[in-house]
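When a ligand or atom number is given, it counts from 1 through the structure's own listing order. Everything numeric here is computed off the predicted structure, so don't read it as measured data.
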Amino acid sequence: MSVVSTKNLSFNYGQKSILNDLSINFDKGLFYSIIGPNGSGKTTLLKLLAGILPSDRKTVYLKNDDINVIKQKEIARRLSVVPQITDMQYEFSVHDIVMMGRTPYTSRFQKNTDKDKKLVNDAMRETGVSSLRDKKITQLSGGELQRVILARAIAQETDIMLLDEPISHLDIGYQYEISELVHKLCKKKGITVINIVHDLNIAMRYSDKILMLKDGYIYKYGDPEEVITKDTIKDVYSIDVELINHPIIKNKKVIIK
Ligand SMILES: Nc1ncnc2c1ncn2[C@@H]1O[C@H](COP(=O)(O)OP(=O)(O)OP(=O)(O)O)[C@@H](O)[C@H]1O
């Protein structure tokens, strides 16, 4: 069953057409990657799926509900977002930010429950930010901030997680750890992950399905090895690659020639 879907979704910024007639279903518990060149519409699509950008009626659905008729707080109980750029101007602590993941479940003056505290501590531990607990959010490195924002999304306990290049600022160790963690959340908790990623090898390794965008159109959609081929990469990114079998990992590796 689809937990998120689009039906003939199009989007313009002013006169400029950004997305064209996208119809796609995202099913429960699968790991989806969205790939495509800079400016192909990936972030725009993610924002429409999250209800951050307004969509036309009956073009974006969470289960069977048109996202336009779902209240913001209810959307936040169903879907969490790890955005590309998080502009942190306020002097919140890391712990405060992760606790904000619990906001969809609490009323204004309600105190945090034991469950809230446990979920927040667990999420901070899983993302390796427990030692930063009392640090100001404005004093973090790009990679630390990315992990804190992921912790907030985990604490939000949603069935759907949308991530916009969540590993772009991470060192190679954390790139691997965070990718593994998000994959584990998907497979163990049945969370549907929709992940924008530039690294084709990461996409190949973790995805159940890949959506490849070009100029706001779905260029190709399917299993990783159907989508990432010499021909599609040449056509979409204008580069020559080889796909080779790796002796240890089961997925093919993309090598630039
Ligand atoms: N607020 C905005 N106003 C006008 N045009 C915008 C706005 N945001 C994005 N665009 C344009 O929409 C197009 C798609 O942008 P989008 O951010 O969705 O691409 P992307 O595939 O995520 O790119 P990247 O890989 O660089 O992050 C681009 O041409 C961009 O310049």
In terms of side-chain geometry, is the basic nitrogen of [X] or [Y] positioned less than 4.0 Å from the acidic oxygen of its partner?
X: Glu242; Y: Lys257; answer: yes
X: Glu74; Y: Lys71; answer: no
X: Arg125; Y: Asp122; answer: yes

So if I only count non-hydrogen atoms and take anything under 4.0 Å from ligand 1, which residues does that give, chain by chain? Tyr13, Lys16, Ile18, Pro37, Asn38, Gly39, Ser40, Gly41, Lys42, Thr43, Thr44, Gln84, Glu165, His198
Applying salt bridge (charged side-chain N to carboxylate O under 4.0 Å, His left out) between Glu157 and each of Lys118, Arg152, Lys189, Lys115, report the one that passes. Lys115
For the backbone of His169 and the side chain of Gln146, can you confirm whether one donor and one acceptor N or O come within less than 3.5 Å of each other?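 Between the backbone of His169 and the side chain of Gln146 there is a qualifying donor-acceptor contact (under 3.5 Å).
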Could you list who else is in Ile255's hydrophobic cluster, with ILVMFWY side chains joined at under 4.5 Å, directly or through other members?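 Ile244, all in the cluster of Ile255.
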